[in-house]
Engineer: 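Here you go, one structure.
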Amino acid sequence: MELQQQQQQHIKLSEESLQKQTTTLNLGPTHPATHGVFQNIMEIDGERVLETVPTIGYIHRAFEKIAERRPFYQITTLTDRLNYCSSPINNMGWHMTVEKLLKINIPKRIQYLRVIIMELARIADHLVCNSVIGVDTGALTPFTYVFQSREHIYEIFEEICGSRLTTNIGRVGGFERNFSEASFTKLNKFLTDFPKTMTEFENLLNRNKIFVDRCVGAGPISAERALNYGITGPNLRAAGVDYDVRVAQPYSSYEEFDFKIPVGTTGDVYDRFMVRNGEIWESLSIIRQALEKIQKIEKEFPEQKNIYYAQEADHFHLPPKEDVYTKMEALIYHFKIIMGEIDAPKGEIYHAVEGGNGELGFYLISDGGRSPYRLHFRRPCFIYYQAYPEMVEGGLLSDAVVTLSSLNVIAGELDA
């Protein structure tokens, strides 16, 4: 009797499976096409995506709670591990937030040096994103072209701070050390050599019929929907909205620079690709302008050539090692900063920078203690990833993969 019931149940299940017309597919969390540890449970009909349910949190590290137990200067290393494709922008954004709380005025030379670092990081970030879009559409050669240039940017970072990926570059009030002549030499060489590589990259992809056919019309989003989701950065500008934090709420003297904001029209994969390419050229122009401004300052005021941090930030800026070994006051400040024994004023601050993939904001509440009372990171990835299901549902599975690449979702920033 039991055997007969089991056979009937098996027949019933087989009939139900034959009647089902769709397939449930796991895209991630370990699939190489996701370029990060996150999952999408997709219901597909053949190659057509009917429904998508994203799952995040696989590498959640509780950075915001960790920051509440750390002195202000030690939080820089946490910001490194958000969008690690352009970590110097995260570093600078955090330092500016603390400086706003402390009401520190930053000398112009330091502001221009920061602009150079942030724009180099933006170029590196966009190179990763756009070359990966090429890889996901079957074009590996452009990826190998631009990664040489990305390596040159990392060599500049290494010359300045000793690190490459998670840079921990800069300090509250400025930089840990002055830029060496070798760093400027490498920077000038990059500015000379990179435009040729970038031109080759664009020639390989911009009007490549296979690439264009794969990208045009894939994963579109309208300006209205993008604004409703709170999308910022290249993904918003690709939809036709020219919002850029560097222009809307200037910081680090960005209001003194002349640059355009590339925008798209349809908000699809191709528009996002082209907007990032346009921003790379604009970043090169901004870096050249910053170098000219620094040279002008150093020519008119030679003594400022050695300025790399604000004197007002002495209580939060580690003194030079040679002073620590020879001067009692420097040794005392070194100890107090390392041990987190310097209180910050009370205040509630929000500061945002234009990150590699959107508005990166820091909401800081200080109760007058030695670490933040509360700190919130506004991660652009976390905001715009919510729109992913709407962008891919109704499209092809292959479009879902390239759409994910074009959004530039970084798992470290998504989960924090």
Side-chain angles (χ1 to χ4, degrees), residues 86-93 95-96 99 105-127 146 148-164 167 169-171 173-199 201 244-247 250-262 276-310 353-356:
S86 51
S87 55
I89 300 179
N90 312 339
N91 299 160
M92 302 303 165
H95 297 147
M96 291 178 208
E99 289 158 6
N105 295 314
I106 304 300
K108 285 290 184 181
R109 183 176 187 269
I110 298 173
Q111 293 188 35
Y112 299 147
L113 290 173
R114 282 179 167 176
V115 167
I116 291 173
I117 295 296
M118 287 187 285
E119 294 308 315
L120 283 173
R122 193 181 319 281
I123 291 172
D125 191 288
H126 288 353
L127 288 180
V146 297
Q148 288 292 327
S149 297
R150 178 175 176 264
E151 177 71 16
H152 296 154
I153 292 174
Y154 279 11
E155 287 176 1
I156 296 170
F157 292 160
E158 190 173 20
E159 185 64 42
I160 293 169
C161 69
S163 300
R164 296 161 57 82
T167 53
I169 195 169
R171 294 293 182 267
F175 290 90
E176 179 191 9
R177 66 192 81 164
N178 204 0
F179 284 30
S180 65
E181 288 300 321
S183 61
F184 284 111
T185 301
K186 290 183 177 182
L187 177 59
N188 285 317
K189 188 175 188 309
F190 173 79
L191 293 175
T192 302
D193 296 344
F194 177 65
K196 181 182 176 183
T197 304
M198 187 61 196
T199 302
F201 177 76
D244 189 309
V245 181
R246 295 172 294 176
V247 176
Y251 54 90
S252 200
S253 295
Y254 265 109
E255 67 276 6
E256 299 177 15
F257 293 85
D258 181 25
F259 62 98
K260 299 176 183 176
I261 304 176
R276 287 191 175 91
N277 277 353
E279 289 187 7
I280 288 173
W281 290 109
E282 294 301 320
S283 291
L284 286 172
S285 172
I286 292 171
I287 293 170
R288 292 191 183 98
Q289 293 176 56
L291 275 176
E292 290 174 3
K293 292 178 184 297
I294 291 170
Q295 291 165 1
K296 185 178 179 181
I297 288 175
E298 292 178 351
K299 186 176 180 181
E300 293 179 4
F301 308 99
E303 69 279 2
Q304 292 199 18
K305 191 171 184 178
N306 296 319
I307 292 180
Y308 60 93
Y309 77 96
V353 296
E354 183 64 38

Engineer: Flag the pair Lys186 and Glu158 as a salt bridge only when some basic side-chain nitrogen lies within less than 4.0 angstrom of an acidic carboxylate oxygen.
Structural biologist: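 Between Glu158 and Lys186 there is no salt bridge, as every charged N stays at least 4.0 Å from the carboxylate O atoms.
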Engineer: Testing the basics here: between Ala121 and Phe157, what is the closest heavy-atom pair and its distance to 0.1 Å?
Structural biologist: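 Nearest pair, atom of Ala121 first, then Phe157: N-CZ, 3.9 Å.
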Engineer: One pair to check against side chain to side chain contact (heavy atoms under 4.5 Å, CB included): Ser252 and Met118. What are the steps and the verdict?
Structural biologist: CA-CA 10 Å; Ser252 200; Met118 287 187 285; 4.2 Å; yes
Engineer: Could Lys305 and Phe179 be counted as a cation-pi pair, given that NZ or CZ must be under 6.0 Å from the ring centre and within 45° of the axis?
Structural biologist: no
Engineer: Verify side chain to side chain contact (heavy atoms under 4.5 Å, CB included) between Ile153 and Phe194, making sure each step is shown before the conclusion.
Structural biologist: CA-CA 10 Å; Ile153 292 174; Phe194 177 65; over 6 Å; no
Engineer: So which atom in Ala310 and which in Ile110 form the shortest heavy-atom distance, rounded to 0.1 Å?
Structural biologist: N-CD1, 3.7 Å
Engineer: Just how far is it from atom CD of Gln111 to atom OH of Tyr254, taken to the nearest 0.5 Å?
Structural biologist: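 So the CD of Gln111 and the OH of Tyr254 are separated by 11.0 Å.
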Engineer: Would you mind reporting whether Tyr154 and Leu120 have side-chain heavy atoms less than 4.5 Å apart?
Structural biologist: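 No, every pair of side-chain atoms sits at 4.5 Å or beyond.
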Engineer: Would you say Ile287 and Val115 make side-chain contact, with heavy atoms under 4.5 Å?
Structural biologist: no
Engineer: Using the rule given for side chain to side chain contact (heavy atoms under 4.5 Å, CB included), can you reason through Trp281 versus Met198, listing the C-alpha separation, both sets of side-chain angles and the distance that settles it, and then say yes or no?
Structural biologist: CA-CA 9 Å; Trp281 290 109; Met198 187 61 196; 3.5 Å; yes
Engineer: Could you give the distance from CD1 (Ile286) to OH (Tyr112), rounded to the nearest 0.5 Å?
Structural biologist: 13.5 Å
Engineer: How long is the straight-line distance from CD1 of Ile261 back to CG of Asp244, given to the nearest 0.5 Å?
Structural biologist: 4.5 Å
Engineer: Quick check: closest heavy atoms across His126 and Gly356, and the distance to 0.1 Å?
Structural biologist: CE1-O, 3.1 Å
Engineer: Go through the steps to decide whether Arg114 and Glu99 satisfy the test salt bridge (charged side-chain N to carboxylate O under 4.0 Å, His left out), and finish with yes or no.
Structural biologist: CA-CA 14 Å; Arg114 282 179 167 176; Glu99 289 158 6; 2.6 Å; yes
Engineer: About how many Å separate CG of Asn178 and CD1 of Ile307, when rounded to the nearest 0.5 Å?
Structural biologist: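 Answer for the CD1-CG pair, Ile307 versus Asn178, is 9.5 Å.
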Engineer: For a quick test of reading the model, state the closest non-hydrogen atom pair linking Asp125 to Ser86 and the distance between them.
Structural biologist: OD2-OG, 2.9 Å
Engineer: What distance separates Leu127 CG from Glu151 CD, expressed to the nearest 0.5 Å?
Structural biologist: 12.5 Å
Engineer: Under a 4.0 Å N-O cut-off, is there an ion pair linking Arg122 with Glu119?
Structural biologist: yes
Engineer: Using 0.5 Å steps for rounding, measure from the CZ atom of Phe257 to the OG atom of Ser285.
Structural biologist: 9.5 Å
Engineer: Using every non-hydrogen atom in the two residues, find where Met92 and Ile169 come nearest and quote the distance to one decimal.
Structural biologist: CE-CG2, 3.8 Å
Engineer: With side chains defined as the heavy atoms from C-beta onward, is the minimum distance between Asn277 and Phe201 less than 4.5 Å?
Structural biologist: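 They are in side-chain contact.
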Engineer: Dump the intermediate steps for side chain to side chain contact (heavy atoms under 4.5 Å, CB included) on Gln304 and Lys108, then the final yes or no.
Structural biologist: CA-CA 10 Å; Gln304 292 199 18; Lys108 285 290 184 181; 5.9 Å; no
Engineer: Mind listing the closest non-hydrogen atom pair of Gly93 and Val353 along with its distance?
Structural biologist: CA-CG1, 3.7 Å
Engineer: In chain order, what residues pass the salt bridge (Lys or Arg N to Asp or Glu O under 4.0 Å) check against Arg171, with sequence neighbours excluded?
Structural biologist: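 For Arg171 the salt bridge (Lys or Arg N to Asp or Glu O under 4.0 Å) partners, ignoring immediate neighbours, are Glu176.
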Engineer: If the threshold is 4.0 Å, N to carboxylate O, is there a salt bridge linking Glu159 and Lys189?
Structural biologist: no
Engineer: Taking Ser163's backbone N and O only, do any of them form a donor-acceptor pair with Thr167's side chain (distance below 3.5 Å, no angle check)?
Structural biologist: no
Engineer: Are Glu255 and Arg246 within salt-bridge range, i.e. N to O under 4.0 Å?
Structural biologist: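 No.
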Engineer: List the residues meeting side chain to side chain donor-acceptor pair (under 3.5 Å) with Glu282, not counting sequence neighbours, and say none if there are none.
Structural biologist: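 Applying side chain to side chain donor-acceptor pair (under 3.5 Å) to Glu282 gives none.
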Engineer: Determine the sole option in Ile160, Ile156, Ile89, Asn91 for which the side chain to side chain contact (heavy atoms under 4.5 Å, CB included) test with Ile117 is passed.
Structural biologist: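 Going through the options one by one, the only one that passes is Ile160.
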Engineer: Please identify each residue that fulfils salt bridge (Lys or Arg N to Asp or Glu O under 4.0 Å) with Glu155, with sequence neighbours left out.
Structural biologist: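 Glu155 satisfies salt bridge (Lys or Arg N to Asp or Glu O under 4.0 Å) with no other residue.
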